[in-house]
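Worksheet for the structure shown next.
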Amino acid sequence: MIYADNAATTALSPKALSVLVHHAKNTWGNPSSLYAHGQEAKEVLEQARTQIARCIGAKEREIIFTSGGSEADNQAILSAAAWGKQKGKRHIVSSAFEHHAVLHTLQKLEKEGFEVTYLDVHADGLVRPEEVKAAIREDTCLVSIMYANNEIGTIQPIGEIGAICREKKVLFHTDAVQAIGHIPVNVVTDQVDMLSASAHKFHGPKGVGFLYVRQGVPVRSLIEGGAQERGRRAGTENVPGIGAMAAALQEAASHMDENARHLKAMQARLIEGLSRIPHGALNGDRDRRLPGNVSFCFEGIEGEALLLLLDDKGICASSGSACTSGSLDPSHVLLAIGRVHDVAHGSLRLSLGEDVTEEEIDYIIACVGEVVAYLRSFSPLWRDLEAGKKAFIL
Amino acid sequence: MALYSEKVMDHFRNPRNVGVIEDANGVGLAGNAKCGDIMKMYLKIEDEVVQDVKFETFGCGSAIASSSMATELIKGQPLSEVRKLTNQAVAEALDGLPAYKMHCSVLAEEAIQAALQDYESRMTKEDN
């Protein structure tokens, strides 16, 4: 099997697995208990907090452990909104292609009287800092822009946006779920106030993540209960998961340069190979993208059929077609970069793992070419395009 | 559990009656590219019987399987039977479809009924 869906989730690293099992077996005390067995668990939490904070340039007390990226996104946005409401600021700036954990939280706030400006991400899938600046108003309480997009992998100018927000004294949150562990992220140089991350995107376990909140930024607990996480996240902590997350992030951070170098070479080979398929196009900027992300649209075919046939050939990938999302519309990300419906249905996302080989890349290229040609061979849409009854878009 | 039944996967992987009938006397189209599904049915009807049927489909796995199964159900059948074909029959023959994929079977029914109408209007023109 060639697993090329690392943006969906990653395999647990052997190191993270051993830490997870070790703490599940041995460090099962409640970190809030005062006897030694509880305090050992507390020690695991605090060590993990230190390790994670160091990886992103934060202080220990600025890390809140959560159940994952979605919870962190919800907490960041709802905290900023609650603060804004108190100050009479009910305007938020975000982008059109955020993750649903952000978009649906913003939509909920819109129903409660907030106004949200969704910035255009242009054909290259990049937010323009000057457009962020222009969108900020007197009553803006928050700017939330993702670090890197989950479907097309484009890396946003977070440092520039951070500087603008700091200057304008507006809170800045970034959903960094796809970026953390893959590209260098530093909350100080990026001037970020809040940042969301999820362990299973960097070879840690599922069901655990963290929210970075800069010291002094008002944050509210989403869950009522005990005083865990200094009152900012109730509930007994997932000690094994948190320990494993920290181990995975440290491992990812220490191999980041070599991983990125290898992935960029594999990415280039894959993009070049898939570009030879006629009437297809890369989605998002060629260079400002995550090292493992390759996203294409192919005209005249539908993505789910493509995925099923690739699965038969042992390749795990993903698509933004309507049929894979269970809705009538294709991915909002592809629509946001201006792909029309006909084309967006034929999308393919390959998110490579660090251990992918040249041979595997060549096999993927051959299989995608074969499957696309096969599906086009009996596609009435492709027939119309080839006969000139419809104009090619790509 | 797999997304689709074995039957759906079989008809998706090995679709029956794929292609075009050059001298078809009934051609029907259903769906549109915006929604991500287009089915085109070609019928060769002689003596009120579907002598041959072929299809082309742009769409997902269940759309391709639904088209394939629908062609199997009507091949060699008299028009009186073909007119009675419902999307339910297509879905049942496939051992069921997920609820949000039922529209694929509806498209198959629509494409076949459209092809029949095309045939009938051609016959009327010939009679005139």
Side-chain angles (χ1 to χ4, degrees), chain A residues 279 297-313 316-331 334-335 339-348 370-387 389-394, chain B residues 2-6 8-22 24 27-42 53-68 71 97-108 110-111 114-115:
Chain A
H279 302 288
C297 281
F298 299 107
E299 218 166 344
I301 61 149
E302 193 282 330
E304 191 217 65
L306 175 60
L307 293 190
L308 290 170
L309 292 173
L310 288 177
D311 186 25
D312 282 349
K313 294 176 184 295
C316 304
S318 146
S319 170
S321 89
C323 281
T324 57
S325 68
S327 78
L328 289 174
D329 284 318
S331 136
L334 298 172
L335 296 179
R339 295 286 187 226
V340 296
H341 280 66
D342 307 24
V343 168
H345 287 298
S347 72
L348 174 69
E370 197 182 303
V371 172
V372 168
Y374 165 70
L375 289 172
R376 281 174 173 172
S377 74
F378 61 92
S379 160
L381 178 58
W382 182 253
R383 173 180 293 280
D384 284 353
L385 290 164
E386 279 212 306
K389 286 184 194 163
K390 253 185 108 138
F392 281 110
I393 297 164
L394 302 179
Chain B
L3 173 63
Y4 293 128
S5 71
E6 283 293 321
V8 172
M9 287 310 292
D10 177 36
H11 276 261
F12 166 63
R13 290 190 180 113
N14 311 293
R16 281 68 149 172
N17 308 308
V18 174
V20 178
I21 300 174
E22 295 298 346
V27 179
L29 192 71
N32 62 67
K34 192 167 187 272
C35 298
D37 290 298
I38 304 175
M39 283 184 202
K40 200 166 184 180
M41 290 282 173
Y42 300 86
V53 50
K54 292 219 183 298
F55 80 91
E56 290 183 306
T57 291
F58 158 77
C60 60
S62 63
I64 291 168
S66 296
S67 320
S68 168
T71 61
L97 287 171
Y100 69 103
K101 295 286 189 174
M102 281 303 284
H103 75 276
C104 294
S105 62
V106 174
L107 283 180
E110 285 176 0

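Among all heavy-atom pairs drawn from A:A305 and B:F12, the shortest one is O-CZ, 3.4 Å.
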- Task: Tell me, with the steps shown, if B:V20 and A:F378 meet side-chain contact (heavy atoms from CB on, under 4.5 Å).
- Result: CA-CA 9 Å; B:V20 178; A:F378 61 92; over 6 Å; no

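Residues B:K34 and A:D342 are not paired through a salt bridge, judged by the lack of any N-O separation under 4.0 Å between the basic side chain and the carboxylate. In summary, A:R376 and B:E56 do not engage in a salt bridge, as defined by a charged side-chain N under 4.0 Å from a carboxylate O.
The distance from atom NZ of B:K40 to atom CG of A:D384, rounded to the nearest 0.5 Å, is 5.5 Å. Summarising the geometry, atom CZ belonging to B:R13 is positioned 8.0 Å from atom CG belonging to A:L308; distances are rounded to the nearest 0.5 Å. Distance check: B:C35 SG to A:D329 CG gives 8.5 Å after rounding to the nearest 0.5 Å.
Within the 4.5 Å cutoff, no side-chain heavy atoms of A:L375 are placed close to those of B:F58. Inter-residue side-chain proximity for A:E304 and B:L3 is flagged as met; some heavy-atom pair is nearer than 4.5 Å.
With a threshold of 4.5 angstrom between heavy atoms, B:I64 approaches chain A through side-chain atoms but not through N, CA, C or O. Neither the backbone nor the side chain of A:L306 comes within less than 4.5 Å of any heavy atom in chain B.
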